[in-house]
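Beneath this line is the structure, given in C-alpha cells, with notes to follow.
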Amino acid sequence: MIQILTFAQLKEQLQTPCWQSPFKHSTLAQLQQQLIRDFPEAKAVIESSRFAVNQNYAENLNMTVGSQDEIALIPPVSGG
Amino acid sequence: MIQILTFAQLKEQLQTPCWQSPFKHSTLAQLQQQLIRDFPEAKAVIESSRFAVNQNYAENLNMTVGSQDEIALIPPVSGG
Amino acid sequence: MTTRVDIWERPLSLDYVMDQVSAPHVGAISTFSGIVRNHNLGKAVRYLEYECYAPMAKKEMEILREQALQQWQLHDIAMVHRVGRLDIGESAIVIAVASAHREDGLAALKYTIDTLKATVPIWKKEYWEDGSMWLENCCG
Amino acid sequence: MTTRVDIWERPLSLDYVMDQVSAPHVGAISTFSGIVRNHNLGKAVRYLEYECYAPMAKKEMEILREQALQQWQLHDIAMVHRVGRLDIGESAIVIAVASAHREDGLAALKYTIDTLKATVPIWKKEYWEDGSMWLENCCG
C-alpha cells in the first residue's frame, strides 16, 4: 500500500494528512490519476501540486514508487 | 580670505585641517593650482580630490567662490 | 546536515542567525526578515498560520544554502523559518549572510530568499475577520 | 532633515535602525552591516580609525536616502555610520530598509550601501603592526 502525505489546501480538500492508495507499486502519473478520480473537486490543486519522493522533488511523473517510499504531494508553496 | 577644509590623507599632507588661500574670490581651478604650487608633493592627492562648496559637491572647477563660502577638498572617500 | 538551517515554533531572533555567521574575517553581514503584515491584497489580516513538511523543508533549505555557498564567495549563511500561528509584526523567516565583501553577500541573500520562497515546502494561511485562505508564492 | 541618518562615535546597534523602520504594514526588513575585518589586502589589521566631514556626510546620506525612497516602493530607510576608533568585529555602518515586498527592499539596500561608499565624505585609516594607511573605495 502506497501512502501520500498531503499539506495545506490539499490536506483540507482530501480531508486527510495521509491518503492511502490501493496499489503496491505505481507510477506517480497513476497515483495522480487515482487521486483525481477519488477527489474530482480537488483536480485543480492536485494538478498544480508537485510530487516528492523520499523528500526530493520528482523530476517527472514517470517515476515508479512503492510502499517503502515516502511520497508527498506538495501544493504550491508560500513560505517566507 | 578663502578657507579650505581638508580631511584624511590630504589633511596629513597639507598638515592642516583648514588651509587659507590669500584670495578673496577665486575659481576652484585657481584654488587647486595654488594648492599644487604650495604643496607640490601632494599634487596626486589634490588632483584626485573633489571640491565641495557649502557641503555640496562642485560639478566642475569653473565655479567662483568667496570668503563667505564653506569650501572643502574631499579626497577619495572610504566610508562603509 | 548542519545546524545552519532550522524551523522553530517559537519567535525568531535575528541576533541568533547573525551570531551563527559572525567571525573575525567577516566584513559584511546582510540580513533579511520576512514579517507578517497587517494587510494583504486589500484585506485586513488578523494573523497567519504556517505549516511545513519539516524534514523536506530543512533538506531544501540546506540544498539552497549549499548552492549559494558554491555560487558566491561567502563565509556562511544561516536561516530559520517559523511555523505555527504568527501575529502581525512577527518574523516568519530570518536569514543572515556573512561575506568578506558586500556584493557577494547581497547577491546571495537575494538568491536565498527567492529560492526559499519557490522551493521550500512551507505554506501559510491568512486569517481575516470574515474568513481565511491558503496563499501561493506566485509572484513574490 | 530627519533623524533617519546619523553619525555616532559609539558602537552601533542594528536593532536601533530596524526599530526606526518597523511598522505594521512592513512585510520585509533588509539590513546591511559593514564590519571591521581582521585582514585586508593580505595584511593583518589591528584596528581602524574613521574620520568624517560630519555636516556634509549627513547631507549626502540624506540625499541618497531620498533617491532610494523615490526609486523604489519603500516604507522607510535608516542608517548610522560610526566614526573614531573601531576594533575588529565592530560595525562601521548599519542600514535597514523596510518595504512591503522584498524585491524593492533588497534593491534599495544595495543602492544605499553602494552609493554611500561612493559619495559620502567619510574616510578610514587602517592600522597594522608596522604602519598605517588611508584607504580608498576604489573597487568596493
Side-chain angles (χ1 to χ4, degrees), chain A residues 1-21 26-28 31-32 35-36 38-61 63-80, chain C residues 1 5 7-8 12 32-37 40-41 48-64 79-84 86 91-95 109-126 131-140:
Chain A
M1 192 179 61
I2 297 172
Q3 300 192 63
I4 300 181
L5 304 174
T6 69
F7 303 92
Q9 61 270 50
L10 193 65
K11 182 171 70 181
E12 289 183 1
Q13 290 207 37
L14 271 53
Q15 297 183 333
T16 173
C18 182
W19 178 78
Q20 305 192 334
S21 145
S26 170
T27 64
L28 297 177
L31 289 175
Q32 190 191 53
L35 272 169
I36 293 171
D38 285 10
F39 303 95
E41 71 287 358
K43 184 170 190 285
V45 62
I46 291 168
E47 289 184 337
S48 68
S49 298
R50 294 173 67 184
F51 278 98
V53 179
N54 301 319
Q55 302 169 14
N56 294 304
Y57 284 112
E59 300 269 317
N60 58 60
L61 297 178
M63 192 174 179
T64 299
V65 295
S67 49
Q68 77 289 356
D69 291 313
E70 180 178 316
I71 315 297
L73 194 51
I74 311 285
V77 300
S78 51
Chain C
M1 198 164 293
V5 308
I7 293 173
W8 290 5
L12 302 183
F32 179 83
S33 305
I35 300 162
V36 178
R37 293 189 295 150
N40 188 31
L41 305 173
L48 296 185
E49 287 263 358
Y50 279 82
E51 168 180 331
C52 75
Y53 178 17
M56 182 170 167
K58 285 187 198 172
K59 207 165 171 177
E60 286 291 323
M61 286 159 83
E62 187 57 40
I63 288 171
L64 70 91
M79 67 192 94
V80 185
H81 204 296
R82 187 170 165 194
V83 293
L86 274 78
S91 292
I93 174 77
V94 290
I95 305 170
L109 180 64
K110 178 165 169 50
Y111 176 84
T112 300
I113 180 63
D114 285 353
T115 309
L116 182 145
K117 283 187 162 247
T119 66
V120 177
I122 298 178
W123 302 268
K124 63 173 161 246
K125 191 174 192 176
E126 211 168 73
S132 64
M133 187 176 70
W134 288 99
L135 301 184
E136 298 184 16
N137 283 344
C138 59
C139 1

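Below, chains carry the letters A, B, ... as their sequence lines are ordered, and counting in each starts from 1.
- Contact annotation for C/Ala57: neither backbone nor side-chain heavy atoms come within less than 4.5 Å of a heavy atom of chain A.
- Other residues, nucleotides and ligands contribute at most 12 non-hydrogen atoms within 6.0 Å of the CD atom of A/Gln15.
- If you tally non-hydrogen atom pairs under 4.5 Å between each of C/Ser33, C/Pro121, C/Gly34 and chain A, the highest count goes to C/Pro121.
- Using a 4.5 Å cut-off between heavy atoms, C/Glu49 makes no contact with chain A at all.
- With a threshold of 4.5 angstrom between heavy atoms, A/Asn54 approaches chain C through N, CA, C or O but not through any side-chain atom.
- Residue C/Lys124 touches chain A through both its backbone and its side chain, counting heavy-atom pairs closer than 4.5 Å.
- A 6.0 Å sphere centred on CD of A/Gln68 holds more than 12 heavy atoms belonging to other residues, nucleotides or ligands.
- Distance alone, capped at 3.5 Å, places no donor-acceptor pair between the A/Ser78 side chain and the C/Glu136 backbone.
- Both the backbone and the side chain of C/Tyr53 come within contact range of chain A, with heavy atoms under 4.5 Å apart.
- The shortest side-chain heavy-atom distance between C/Glu60 and A/Gln55 does not fall under the 4.5 Å cut-off.
- Judged purely by distance below 3.5 Å, without hydrogens or angles, the side chains of C/Trp123 and A/Gln9 never pair a donor atom with an acceptor atom.
- Atom NZ of C/Lys59 sits about 4.0 Å away from atom CG of A/Asn56, to the nearest 0.5 Å.
- Here the CD1-CD1 distance, from A/Ile74 to C/Ile122, works out to 11.0 Å after rounding to the nearest 0.5 Å.
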Practice item. Any chance you could lay out the side-chain contact (heavy atoms from CB on, under 4.5 Å) test for A/Glu12 and C/Lys125, step after step, and finish with the verdict? Key: CA-CA 12 Å; A/Glu12 289 183 1; C/Lys125 191 174 192 176; 2.6 Å; yes
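- Distance check: A/Phe7 CZ to C/Met56 CE gives 8.5 Å after rounding to the nearest 0.5 Å.
- Using a distance-only test at 3.5 Å, with no hydrogens or angles considered, a donor-acceptor pair links the side chain of C/Asn137 to the main chain of A/Gly79.
- Side chain of C/His81 to backbone of A/Gly80: a donor-acceptor contact under 3.5 angstrom is found.
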